[in-house]
Amino acid sequence: MTISVIEQAKIQAQVLVPLVKALQAELGEARANALVRKALRDLYRRFGEEFWKAKNESDLGKAVSSAFRTYARDDALAYDVIEQTADAFAFDVTRCAYAEFYKALGEPELGFLLICTADFATAEGFGPDIRLTRTQTIMQGADHCDFRYRRDGGGSQ
């Protein structure tokens, strides 16, 4: 049995939250957060690259939809698909257990740092022609997260 992504995030938070708080106390919040973002960006970009290669799917909508179902497993996310095509996948997350968890810890800003910033790095791993835009997150107090994945140039690879 595999552990869902939400359960992995909860387990990781037991170590990462105190570690990041200690780094912030020692280095200052801005410097510590930049260091954490850099380390996680490299890690999550590799995850994106590995996923994209393993999926071997040129249809962006199908590939990202499949990836997102993994993050939504165990009722971790509720979301509405806005658009799904070969060159786009757009959706709004309307409920996020990741945000609920970090808010319950009293650490939504660390939740954003450790969870939400991974989305852009993962998308980078999908390839140089894939772009993610997101203007708001539940983790930062919005009523929904607006994910918009698009392939530049509009043509399938």
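As a basis for the values below, the full set of heavy atoms in this structure was taken, side chains included, without hydrogen atoms, waters or symmetry mates.
Side-chain contact of Arg73 with Thr2: a donor-acceptor pair under 3.5 Å is present, judged by distance alone.
Judged by distance alone, the side chain of Asp59 and the main-chain N or O of Gly61 form a donor-acceptor pair under 3.5 Å. Within the 3.5 Å criterion, the main-chain N or O of Lys62 finds no donor-acceptor partner in the side chain of Ser66. Under the 3.5 Å distance criterion, the side-chain polar atoms of Thr94 are matched with a main-chain donor or acceptor of Ala78. Checked by atom type and distance alone, the side chain of Tyr98 pairs as donor or acceptor with a backbone atom of Tyr71 at under 3.5 Å.
With sequence neighbours left out, the side chain to side chain contact (heavy atoms under 4.5 Å, CB included) criterion links Ala121 to Arg41, Tyr44.
Here the two rings, on Phe126 and Phe51, have centers that are under 6.0 Å apart. Remark: aromatic rings of Phe68 and Phe147 are close, center separation under 6.0 Å. Taking the centre of each ring, Phe91 and Tyr79 come in below the 6.0 Å mark.
A salt bridge links Arg151 and Asp129; the closest N-O separation between the charged side-chain nitrogens and carboxylate oxygens is under 4.0 Å. In summary, Asp42 and Arg46 do not engage in a salt bridge, as defined by a charged side-chain N under 4.0 Å from a carboxylate O. A salt bridge links Arg131 with Asp152: the closest approach of a Lys/Arg side-chain nitrogen to an acidic carboxylate oxygen falls below 4.0 angstrom. Under the 4.0 Å criterion applied to side-chain N and carboxylate O atoms, Glu83 and Arg148 are not assigned as salt-bridge partners. Salt-bridge check for Arg45 with Glu124: passed, with a basic side-chain N closer than 4.0 Å to an acidic carboxylate O.
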Pair Gln12-Leu114, side chain to side chain contact (heavy atoms under 4.5 Å, CB included): steps then yes or no = CA-CA 10 Å; Gln12 291 166 349; Leu114 297 170; over 6 Å; no

Applying salt bridge (Lys or Arg N to Asp or Glu O under 4.0 Å), run through Arg150 and Asp87 and close with a yes or a no.
-> CA-CA 6 Å; Arg150 296 232 178 268; Asp87 296 314; over 6 Å; no

May I have the step-by-step check of side chain to side chain contact (heavy atoms under 4.5 Å, CB included) for Leu60 and Gln84, ending in yes or no?
-> CA-CA 8 Å; Leu60 178 64; Gln84 182 173 349; over 6 Å; no

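Minimum heavy-atom separation, Phe120 to Leu132: CE2-O, 3.3 Å. Heavy-atom minimum distance, Pro108 versus Gly106: CD-C, 3.4 Å. Between Ala99 and Met139 the shortest heavy-atom distance is CA-SD, 3.4 Å. Ala9 and Tyr102 make their closest contact through O-OH, 4.3 Å (heavy atoms, listed as atom of the first residue, atom of the second, distance). Here the closest non-hydrogen pair linking Glu107 and Val17 is CG-CG1, 4.3 Å. In this structure, Ala13 and Pro18 approach most closely via the heavy-atom pair O-CD, 3.6 Å.
With contacts defined as side-chain heavy-atom distances shorter than 4.5 Å, the pair Val20/Glu29 does not qualify.
With Arg95 as the fixed residue, the salt bridge (charged side-chain N to carboxylate O under 4.0 Å, His left out) test singles out one of Asp80, Asp75, Asp143: Asp75.
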